[in-house]
There are 2 protein chains.
Amino acid sequence: MNIGEAARASGISAKMIRYYETVGLVPPAGRTEAGYRTYTARDVDTLRFIRRARDFGVPMERVKLLVGLWQDKDRPSREVKEVALRQVAELEAKIAELTAMKDALAELASACHGDNRPDCPILRDLAGASCSAAHPAPTLHSAKTGERFGGNRSA
Amino acid sequence: MNIGEAARASGISAKMIRYYETVGLVPPAGRTEAGYRTYTARDVDTLRFIRRARDFGVPMERVKLLVGLWQDKDRPSREVKEVALRQVAELEAKIAELTAMKDALAELASACHGDNRPDCPILRDLAGASCSAAHPAPTLHSAKTGERFGGNRSA
DNA sequence: CATGGGGCTTCCCACCATGGGAAGGTCAAG
DNA sequence: CTTGACCTTCCCATGGTGGGAAGCCCCATG
């Protein structure tokens with residue numbers, strides 16, 4: 001099985017399979033005499049495992065951890081659950097952050113006429129919360145967590 | 001006002017101010033004879049405007065658009081509102097995506113004993129949804145939007 | 001047997017924002 | 001005049017992913 005077939009079978013692009021190999025997420029694939037990478041059904045299982053973990057937004061470092069646990073038949077499920085719950089917590093944090101942004105912006109937008117007149121509370125707010133001070137809505141404009149952890153996968 | 005003072009006054013790092021200049025988000029700053037960048041109070045206002053927009057997760061391209069609208073005293077508020085609502089829609093899409101991930105993973109985790117035994121439904125699911133088929137929960141495992149639009153700002 | 005097309009290989013570049021750091025010039029206070 | 005804080009430009013890294021070039025390989029068809 002060459003890399004193209006493995007890619008189709010696993011749902012991971014050939015590009016990414018090579019990348020995963022370079023960063024050590026998967027061990028180096030076997031090679032034909034001509035230098036082509038070869039994959040076994042077991043290799044494809046691993047790749048599929050990785051893809052599903054990535055579908056949950058799990059960053060690669062954590063995927064590496066999960067693959068290790070998966071392959072260790074004696075792992076305590078406690079460890080797996082800890083990793084999963086950490087992931088859930090980070091997703092929740094990210095969701096909360098985005099939700100705060102969304103709510104604040106949606107509220108601003110709802111205050112905007114959206115007509116041909118130039119007057120616009122959205123721009124007024126962006127230009128300086130200090131000006132339009134004292135309206136009760138939580139202005140965001142501070143408190144950002146500053147994470148990253150992707151979550152950006154174009155399948 | 002040099003770049004350090006402008007950075008403190010605007011809340012944007014000096015690094016990022018220079019970067020914004022190179023990508024054309026802000027016009028080139030004035031320079032002293034020695035080559036130091038100089039900033040006026042107006043420049044700092046613009047930088048603050050940018051920071052606040054970024055706090056809403058607005059990507060740079062969109063920020064550029066907003067700055068343009070802000071500086072055009074005759075813009076119709078309709079245009080500004082459209083941009084804001086587009087942003088809200090993208091935030092919502094991202095939130096929905098993360099929430100789907102979070103819910104699916106949280107459900108899996110809740111099914112895991114989390115003790116010293118190796119048996120783990122989380123790993124079983126990751127190893128192949130086809131095996132543990134037919135459980136009613138929406139398995140995610142498909143349908144990803146694949147966006148990016150940051151939203152990652154460490155203030 | 002030759003040729004063509006589709007695969008594979010490696011390598012570099014791009015994205016989006018941001019931070020880190022090196023090497024060297026400048027400014028102001030002591 | 002020295003010291004230290006600042007400024008300048010330049011390169012590199014992140015996290016994942018895609019694009020593409022240059023070159024080799026394999027198979028099938030004429």
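On a predicted model such as this, the values are computed, not experimentally measured, just so you know. Order of the sequence lines fixes the chain letters, A, B, ..., with proteins taken first and strands second; residue numbering starts at 1 for each chain.
- Atoms CZ (A:Arg54) and P (D:dG18) sit 11 Å apart, rounded to a whole Å.
- Using a 4.0 Å cut-off, no side-chain N or O of B:Arg37 falls inside it from OP1 or OP2 of C:dT26.
- Within 4.0 Å of A:Arg18, counting heavy atoms only, lies at least one base atom of the nucleic acid.
- Residue-level contact check: B:Thr32 touches neither bases nor backbone, having no heavy atom under 4.0 Å from any strand.
- As rounded to whole Å, 13 Å separates atom C1' of D:dC27 from atom CG of A:Asn2.
- For B:Arg31, the CZ atom is densely surrounded, since the number of other residues' heavy atoms within 6.0 Å is greater than 12.
- Here B:Ser13 does not reach the OP1 or OP2 of C:dT18: none of its side-chain N or O atoms lies under 4.0 Å away.
- Checking the phosphate oxygens (OP1, OP2) of C:dT10, a side-chain nitrogen or oxygen of A:Arg31 falls inside 4.0 Å.
- For D:dG20, the base has a donor-acceptor partner in the side chain of A:Lys15 [N/O atoms by modelled type, under 3.5 angstrom].
- For the pair A:Tyr36 OH and C:dC8 C1', the interatomic distance rounds to 4 Å; values are reported in whole Å.
- Remark: P of D:dT9 and CD1 of B:Ile17 are 13 Å apart, rounded to the nearest angstrom.
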Please report the C-alpha distance between A:Arg117 and A:Asp119 in whole Å, then the side-chain angles of each, then the deciding distance to 0.1 Å, and finally whether the salt bridge (charged side-chain N to carboxylate O under 4.0 Å, His left out) criterion is met. CA-CA 6 Å; A:Arg117 285 171 295 172; A:Asp119 179 56; over 6 Å; no
